[in-house]
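Report on the structure given below.
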Amino acid sequence: MLEARDLHFAYPGQAELFGGLTFSAKPQERVALAAPSGAGKSTLCKLLAGYLTPQSGAILIDGKPLPNRGVCPVQLVWQHPEQAVDSHMRMQAILDEGGTVTPQLREELGIRDEWLVRHPHELSGGELQRFCIARALAANPRYLIADEISTMLDAVTQAHVWQMLLRACDARGIGLIFVSHSPALTRRLATRVIEL
Amino acid sequence: MVPHAHEHIDHSVEQTHHHHAHAQTSHHVDGHHLLQVEGLSISFTMYESAEPRFFRARRMPVEVISDLHIGVHAGELVAIVGASGSGKTLLADAIMGIFEPNATVRGRIWFNGVEQNAASLAALAGNGISLVPQSVNHLDPLMKVGRQILGHATQGATQGGRSLLCSPKTGRKQTTECFGNTKETVPLVSGNTKETVPLVSHPQPSRAERLAELFKHYDLPPEVADKYPHELSGGMARRVLLCCALMDDPQVIIADEPTPGLDLELARRALDDFREFADSGRGVLLITHDIELALRVADRVAVFAEGTVIEETAVANFASPDTLEHPFTRALWHALPEHDFQVPDDATDAATATAADTTSTPIASDTQSEKNGEPC
């Protein structure tokens, strides 16, 4: 179980966020985080995945804090893929950061072989996002945090990527926590909605 | 094509011209379109990837956008929806006069009835056409956002002043050089821009007041002006980009994915603003994936795939898949979360074929690449 317990967080010199937020998510669950723009959804995603540390409170996975070493069992797919990849690396190297990505996974996500030798600026946002999803799944996470991952995808690709992601999550028992501004998509995907 | 063939069409008589029908609200001021793009093709020079001997690889052009036609009338909001990676952003860049060094751009673009070339398009950026860029990376990370929105230009923005706001990809300088080198450089900047007198002139409050007004409108607290881009949330940065574009009081806004990261209410407000902007006799070209939001405000929808506009249709036709003509358009309809959220089999093929044919910017060739863009 992924748990956020009594969370308090503030960026330096700014107002405090969350005010002691507590919630938990089980594997097999698909939890939507809902809040207006600027309320700290992305910050919460970063806290859950261990990119930021709360000032007080804790993020627990099965009752234990997130590990300090090794691969984090909570993986985050970022909102802006172009900011989540090293612009000096080729896509193959970026994919390998998370572990081995099987050709089958690449195919399911629609990643084309000729993209692998390119640099990030030579791909569109939607294409980059597929790499980021593949990279996160390759790390064998127990929980996946999806921070508006499909806003830069067209409807067909969005449906395709989500179907694939749901299959992967079901097959591997990955718990999903996601942010989306589209009510229709939230209704489609979420088993539970948490209002911040 | 006969030069200025477009101008010779009697717009009041011809119901269908330039490959589109008219929306009821659209009209022609002085007998021409606000923005007209005809036969636009963009290709990139890239090295042959199949060549096993690395240094023997030859350069070859890869066409990404082919023979694209789109027009924006005064008072109209045209939405372009389509596959990701199909080159929608390249279209926006071409209209803004921003080109990658290895790109070859062909076609004709009119603004306000005046045919443009690369230099004059670049000069129009921020002085008539404003871009709401797709990525928040277009903001300067080292400059406080307030200053970025204000620009360091005064009224009638000079070249240097617009650079960060309106052609933030640094492309402009490159472009000027690029086209300066070609022999056939045509009428240059000043001549063209002087002719394009604004259709509607708005009394300009001082830029600081305008900034305060825009911030208030988009629920941005005044202290946001004093922050750096990395201190903003995704949605706040989007709103800052919107403010940048609206600041210069343009005639045409090219909005490239303006809504991701905004919550529904803000996204609707942003789109309603575009609608209002169009209703005041100006034009908006809205490039988006979000069909649902686009349908709310658009007059016409152009579906973009395989590097060109495959279907131009009325907003009403999106009520049911039966009234949509192209299989890709129908696939888009079926894939929407509020409909089936399913990818029909043939659609997968269509979509992947699209991706295969028209992937985004291919491998950049070396710095000596031919700068052989033709004037638009």
Side-chain angles (χ1 to χ4, degrees), chain A residues 11-14 34-43 78-83 87 90 107 110-115 117-119 121-130 147-148 150-164 179-189, chain B residues 49 81-89 100 134-137 219-220 231-236 238-239 257 259-267 289-293 305 328 331-344 347-348 350-352 354-356 359-364:
Chain A
Y11 287 109
Q14 292 182 30
S37 171
K41 292 187 301 293
S42 292
T43 305
W78 297 67
Q79 184 177 5
H80 302 293
E82 67 277 6
Q83 294 174 351
S87 54
R90 288 186 191 266
E107 195 182 314
I111 296 175
R112 306 181 62 84
D113 286 346
E114 70 247 37
W115 297 348
V117 292
R118 294 193 187 169
H119 283 105
H121 76 274
E122 294 162 340
L123 293 171
S124 75
E127 287 159 1
L128 278 180
Q129 191 63 287
R130 300 177 214 193
D147 187 5
E148 294 212 46
S150 59
T151 44
M152 71 296 292
L153 302 174
D154 65 81
V156 172
T157 319
Q158 166 173 280
H160 188 74
V161 163
W162 272 114
Q163 303 284 4
M164 181 267 148
V179 176
S180 169
H181 282 309
S182 157
L185 188 66
T186 306
R187 273 198 302 277
R188 271 284 167 188
L189 297 172
Chain B
S49 53
V81 299
S84 34
S86 60
K88 298 196 295 295
T89 300
E100 296 272 337
Q134 175 174 27
S135 164
V136 292
N137 280 359
D219 281 348
L220 287 166
E231 297 176 286
L232 305 179
S233 79
M236 282 164 127
R238 280 283 162 213
R239 284 178 270 167
E257 300 285 358
T259 52
L262 296 181
D263 60 49
L264 198 62
E265 196 211 330
L266 274 171
H289 299 307
D290 200 328
I291 302 175
E292 211 59 26
L293 280 176
F328 181 74
L332 275 178
W333 191 93
H334 283 294
L336 287 175
E338 41 287 78
H339 299 146
D340 306 343
F341 202 46
Q342 286 298 331
V343 188
T348 326
T352 45
T354 305
T359 37
S360 54
T361 326
I363 305 286

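Note that the structure is a prediction, hence the values are computed from the model and not measured. Computed from heavy atoms alone, side chains included, the values below leave out hydrogens, waters and symmetry copies.
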Discussion item. Show the nearest heavy-atom pair for residues Ser150(A) and Gln158(A), with the distance to one decimal.
Written reply: OG-OE1, 3.1 Å

Practice prompt. Say whether, by atom type as modelled, one donor and one acceptor occur between the side chain of Arg188(A) and the main chain of Pro337(B) under 3.5 angstrom.
Written response: yes

Worksheet item: So, Arg90(A) side chain and Val117(A) main chain: donor-acceptor pair closer than 3.5 Å or not?
Response: yes

Practice prompt. State whether the side chain of Glu122(A) and the backbone N or O of His119(A) hold a donor-acceptor pair below 3.5 Å, judged by distance alone.
Written response: yes

Worksheet item: Where does Asp219(B) contact chain A at under 4.5 Å (heavy atoms): side chain, backbone, both or neither?
Response: neither

Practice prompt. Determine the option with the most heavy-atom pairs under 4.5 angstrom with chain A, choosing from His289(B), Glu292(B), Lys88(B).
Written response: His289(B)

Practice prompt. May I ask you to name which of Leu153(A), Thr151(A), Val179(A), Thr186(A) has the most heavy-atom pairs under 4.5 Å with chain B?
Written response: Leu153(A)

Worksheet item: Non-hydrogen atoms of chain A under 4.5 Å away: do they reach the side chain of Leu266(B), the backbone, both or neither?
Response: side chain

Worksheet item: Does a donor on one side chain sit under 3.5 Å from an acceptor on the other, for Asp290(B) and Thr259(B)?
Response: no

Worksheet item: When heavy-atom pairs shorter than 4.5 Å are enumerated against chain B, which of Gln14(A), Arg187(A), Lys41(A) gives the highest number?
Response: Gln14(A)

